[in-house]
Trainee: 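Got a structure for you, questions after.
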Amino acid sequence: MQEILGNVKDFQELFVKNASEDYLKDIVHGLTKLNELLGNVLKEKASSRQA
């Protein structure tokens, strides 16, 4: 488990080191949109089960 966590930390550090601020902003924006979409899908699925 420690090895996996170490690899994840290394990847995170390299990812941030190699990404520009604009790339990171775009990624955050994309993840926010994905989260909104998934939320809408889950709401629709829940409402269709109640009907």
Side-chain angles (χ1 to χ4, degrees):
M1 186 68 172
Q2 291 292 70
E3 183 179 340
I4 292 171
L5 292 175
N7 287 339
V8 168
K9 184 179 179 191
D10 289 346
F11 178 79
Q12 288 172 332
E13 289 173 359
L14 289 170
F15 185 86
V16 172
K17 177 183 171 187
N18 287 286
S20 71
E21 185 175 346
D22 286 339
Y23 279 165
L24 294 175
K25 286 179 182 177
D26 288 345
I27 290 168
V28 169
H29 179 73
L31 291 173
T32 300
K33 291 295 185 184
L34 179 59
N35 188 53
E36 291 172 6
L37 176 61
L38 291 173
N40 291 339
V41 168
L42 292 174
K43 286 178 192 173
E44 185 173 338
K45 185 70 174 170
S47 67
S48 70
R49 286 186 178 172
Q50 292 175 355

Trainee: Distance from D26 atom CG to E21 atom CD, nearest 0.5 Å?
Mentor: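 Rounded to the nearest 0.5 Å, the CG-CD separation comes out at 11.0 Å.
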
Trainee: Please indicate whether E36 has more than 12 foreign heavy atoms, meaning atoms of other residues, nucleotides or ligands, lying under 6.0 Å from its CD.
Mentor: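 Enclosed.
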
Trainee: Go through the steps to decide whether Q12 and V8 satisfy the test side chain to side chain contact (heavy atoms under 4.5 Å, CB included), and finish with yes or no.
Mentor: CA-CA 6 Å; Q12 288 172 332; V8 168; 3.9 Å; yes

Trainee: Please report the interatomic distance CG(L34) to CD1(I27), rounded to the nearest 0.5 Å.
Mentor: 13.0 Å

Trainee: With hydrophobic residues grouped by side-chain heavy-atom distances under 4.5 Å, do L31 and L24 end up in a single group?
Mentor: yes

Trainee: Rounded at 0.5 Å granularity, tell me how far OG1 in T32 sits from CG in L37.
Mentor: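 Going from the OG1 atom of T32 to the CG atom of L37 covers 12.5 Å.
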
